[in-house]
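Worksheet: the structure to be examined is printed underneath.
Predicted model only: the values in this text are computed from it and were never measured. Each chain gets a letter, A, B and so on, in the order the sequences are listed, and its residues count up from 1.
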Amino acid sequence: MTVTDIASLVGGVVKGNAELEIHSGNTIEMATEDQIAFVLSDKAEKIKESMAGCLLVEENMHAEEGRTIIQVKQPRNAFAKVLQTLHPVEHPPQGVHASAVVAESAILDKGVAVAPAAVIGNHVRIGENSTIGPHVVIGSGCTVGAGCCISAGVVLYAGVRLGDRVILHAGCVVGADGFGYVFEEDHHEKFPQVGTVEIGDDVELGANVCIDRGALGATTIGDGTKLDNMVHIGHNCQIGCHVLIAAQTGLSGGCVIEDYVVMGGQVGMGEQAHVGAGAHIGGQSGVLPHRRIPPGQTVWGTPSRPHREYLKKQALVERLPKIIAELREIETRLDHELDEKREK
Amino acid sequence: MTVTDIASLVGGVVKGNAELEIHSGNTIEMATEDQIAFVLSDKAEKIKESMAGCLLVEENMHAEEGRTIIQVKQPRNAFAKVLQTLHPVEHPPQGVHASAVVAESAILDKGVAVAPAAVIGNHVRIGENSTIGPHVVIGSGCTVGAGCCISAGVVLYAGVRLGDRVILHAGCVVGADGFGYVFEEDHHEKFPQVGTVEIGDDVELGANVCIDRGALGATTIGDGTKLDNMVHIGHNCQIGCHVLIAAQTGLSGGCVIEDYVVMGGQVGMGEQAHVGAGAHIGGQSGVLPHRRIPPGQTVWGTPSRPHREYLKKQALVERLPKIIAELREIETRLDHELDEKREK
Amino acid sequence: MTVTDIASLVGGVVKGNAELEIHSGNTIEMATEDQIAFVLSDKAEKIKESMAGCLLVEENMHAEEGRTIIQVKQPRNAFAKVLQTLHPVEHPPQGVHASAVVAESAILDKGVAVAPAAVIGNHVRIGENSTIGPHVVIGSGCTVGAGCCISAGVVLYAGVRLGDRVILHAGCVVGADGFGYVFEEDHHEKFPQVGTVEIGDDVELGANVCIDRGALGATTIGDGTKLDNMVHIGHNCQIGCHVLIAAQTGLSGGCVIEDYVVMGGQVGMGEQAHVGAGAHIGGQSGVLPHRRIPPGQTVWGTPSRPHREYLKKQALVERLPKIIAELREIETRLDHELDEKREK
């Protein structure tokens, strides 16, 4: 791919050698002469040292004579697009491997690839060009959309529905029973979990993510939402669209997360908590059961509170030694007063 | 199943159409005319809007003319029982799939189902009617009781013992090595983990749960205990009976959890902590190593403390701004006093 | 193995019956007459009750007449060595199981064992005597060193490199995509993750651990480092040598952990945090993004701070009720003063 091709892909302006061939992308520090990298204006000093053949830079950035750059509005976004082209996802060979076990009633659309030892149940439907990795288990009655990529060892329990272009990383478990029991005299009886899971289009779930099925009705994940590794979503949660949730966060049953929410890692949410659209939850925060976080608010801490309050509380605790010193001083002055009076 | 059948199953009293056929259960909001739902007295106002064919209600609750209800002591418990009958767990076909690999010395009792690509080692014993999911690995010398349900991809390391009616969700790992090392000069040497894991009857483990084997002796989990997704149990923990542990909680090596303890999600326990019978540990709490929590106590926070103390501490920190204001006021008054005196 | 053999293995001095045959190891409480146990001087009172045939004790410890002991510098380390000999790791039969799927271009050195249904991709190279468990998936272009033990269900994405004697417990996922997106107008676009993962020699990863591949360049784990169950390592982290990380800890992208660091369980680290050599991070601590922790420092809490400061802060909050009481007393005294003055 020439520099010209890349510039036209990202809508940028070339300065320098437009005919240069670029084979792959790398960081500005590690890129070599047949590689492309990107740099933002706050790191512009790195340009000089870079060995990269071509750099994606901001529109107002320049470089020394002899260096090839592409000026573009958002270099990082442009670089992502270039990487998608230079490093295309490898598709496994189409068709069903001899060692896979596919039910007769399953329907696989054209272009589907099923890897060794995958197990596909009754009445499953898999859309065009989806790839099913080794040892994936798709329970009876599941629907997988088109262009999905299901990595090794993923398990979909019966009846789960995935949209199009869903990416599930290795070890995800979708549709296991929620954690629901009723107490009978001296022991816990299982509350049957008869609902399901519905996942929208363009969702990506990290490795070893667990999404429990609804107790009744569905646990849902909206279009474009991305979950990092080992996130836990309890039964009957309703996750909106374009939500980001970082690694190891856990949501108890019945939480509602509206669109464009961003959650840090290791956040814990009590049952039926509700997070308004566009809110941000800081890493390791604990959101109490039934708590409502308004749209757009940023919260931190356990129990979670608005970020400004959280910082203020932190600062107050930091000030405690000073407060105590002041108290001592006042006491001393007061003692002194009293002494003087007594002496009179 | 008619309303009469259901009432007799749960020991309730029918008001309305006893002959109505009910096919499944649902929430009170979503249930339709051939479905049953339940409602507690604090949500009684929902009855009017419900389209459910039949409702399980508390003994003292009533409904408008023409609606079919079953009065019962504990509607939620009764509903769980009805769901178990209306939505029975589907049993896979008995017998061993051709692609499973079962050691000759393994003993499978009658009614056992072994799914594709399961691997069962030497001298394994599996009890009546247990189902072994796809890609399950059962190491040599393991014992699985009767009526167990081992989901896809579960791994039992060698020598693990499960009781009867145990449910293991997909991706559980039972019996991996504990995290034990000795420091030798400049590096960590493995402390061999030669113990095992013993799990009682009626235990349920969520998806991707990890239970480490004992270093020496066994890690044990008592009858009726339920663990949510991604719980970590370190080597040589002794978990009692009828314990509930919510998702992503982690116990270091050698913890003792007595019967009927309830732990929230994302709790962390240091090594050899001890939780007395019936205690409650709030979500995200951190229990220090060797800490003893008395029976029946409720604790929260990191480091964990009795709930009342925890709330009091929270309240005190909230009051800090007021305390500082009071301090300022006293200072002002004192300054004022001194000024007056000087003026005299 | 006789007591003499054991003493010579660990460089210890025998007192008692040097010819006694020892078959296995156990705890001092549970060991029987053909077993060995160890005891440190702080638990010396346990010796009397023990039924163990032989005890490893410290060099300055003694026992009553008739008991067999081996005096040694570090009894726990010596015991680990004895266990390694008495309880050797069982090696599965060499060779490739008929149900495994191994690419023609893969190179397996001598002594390699490949279990049922393992899937080994193109151009994979596996070193001498490594064992590949059931359902393991090794993506194309991976390198596995000699003497490795890869347990059931582990997934190595394409291009991952492991050193020698690496132990991966069941369900580990190495090389899945990092959590990287760019925001385009109204949705998140995937930032392609085209880097890899490089793991050194003598590394051990617990069950269900997730190590993400680099976005560009590699995520690296140094020699001798040990990770407990369900640890999450984000893209492009650089973990040094001989690091210990306890269960359920999560590192965001780009963190640097230098040699000999010890981290507790459930720690969370923001992106690009940096932990100096030999530092200790307490369990459940939260390290802010870009934070630098100096070599050798011990930190606790969220946000993390030096241990002494953390304890001081805890103590100050504990003292709040006393501080408030003092404030009240001062107020009373001041009121009293004013009253007296007014009366004059």
Can you tell me how far apart [atom1] ([X]) and [atom2] ([Y]) are? Round to the nearest 0.5 Å.
| X | Y | atom1 | atom2 | result |
| --- | --- | --- | --- | --- |
| A/Lys190 | B/Asp202 | NZ | CG | 12.0 Å |
| A/Phe179 | B/Lys226 | CZ | NZ | 9.0 Å |
| B/Thr225 | A/His187 | OG1 | NE2 | 12.5 Å |

Look at [options] and state which one has the largest set of heavy-atom pairs under 4.5 Å with chain A.
| options | value |
| --- | --- |
| B/Leu83, B/Val317, B/Thr27 | B/Leu83 |
| B/Gln314, B/Glu204, B/Glu29 | B/Glu204 |
| B/Ala117, B/Pro116, B/Ala37 | B/Pro116 |
| B/Gly153, B/Ala152, B/Gly224 | B/Ala152 |
| B/Leu227, B/Leu86, B/Asp223 | B/Leu227 |
| B/His87, B/Gln74, B/His97 | B/His87 |

Count the heavy-atom pairs under 4.5 Å between each of [options] and chain B, then report the option with the highest count.
| options | result |
| --- | --- |
| A/Gln248, A/Lys313, A/Gln284, A/Lys312 | A/Gln248 |
| A/Leu288, A/Leu320, A/Asp177 | A/Asp177 |
| A/Cys210, A/Gly286, A/Ser99 | A/Cys210 |

Do you know the tightest heavy-atom contact between [X] and [Y]?
| X | Y | value |
| --- | --- | --- |
| A/Thr302 | B/Tyr310 | O-OH, 4.3 Å |
| A/Gly217 | B/Asn26 | N-OD1, 4.4 Å |
| A/Val231 | B/Met230 | O-CE, 3.5 Å |

>> Whether A/Arg305 and B/Glu318 form a salt bridge (side-chain N of Lys/Arg under 4.0 Å from carboxylate O of Asp/Glu) is what I want to check.
In response: yes
>> Could you walk me through whether B/Phe79 and A/Leu216 satisfy the side-chain contact (heavy atoms from CB on, under 4.5 Å) test, starting with their C-alpha distance in whole Å, then the side-chain angles of each, then the deciding distance to 0.1 Å, before giving a yes or no?
In response: CA-CA 12 Å; B/Phe79 186 64; A/Leu216 300 162; 3.6 Å; yes
Without swapping roles, check the side chain of [X] against the backbone of [Y] for a donor-acceptor pair under 3.5 Å.
| X | Y | result |
| --- | --- | --- |
| B/Tyr260 | A/Asp186 | yes |
| A/Tyr157 | B/Ala170 | yes |
| A/Glu189 | B/Ala80 | no |

Any non-hydrogen side-chain atom of [X] less than 4.5 Å from a side-chain atom of [Y]?
| X | Y | result |
| --- | --- | --- |
| B/Glu331 | A/Ile330 | yes |
| B/His169 | A/Val173 | no |
| B/His135 | A/Val119 | yes |
| A/His232 | B/Asp228 | yes |

Please state whether the side chain, the backbone, both or neither of [X] comes within less than 4.5 Å of a heavy atom of chain B.
| X | value |
| --- | --- |
| A/Val136 | backbone |
| A/Val267 | backbone |
| A/Val101 | side chain |

Quick check on [X] against chain A: is it the side chain, the backbone, both or neither that has a heavy atom closer than 4.5 Å?
| X | value |
| --- | --- |
| B/Gln84 | both |
| B/Leu316 | neither |
| B/Leu327 | both |
| B/Ile167 | side chain |

Has [X] got more than 12 heavy atoms of other residues, nucleotides or ligands less than 6.0 Å from its [atom1]?
| X | atom1 | result |
| --- | --- | --- |
| A/Arg161 | CZ | no |
| A/Arg328 | CZ | yes |
| B/Met51 | CE | no |

> Do B/His242 and A/Phe183 make the cut of ring centroids closer than 6.0 angstrom?
Replying inline: no
>> Under the side chain to side chain contact (heavy atoms under 4.5 Å, CB included) test against B/Asn208, which residue among A/Val155, A/Val209, A/Asn208 passes?
In response: A/Asn208
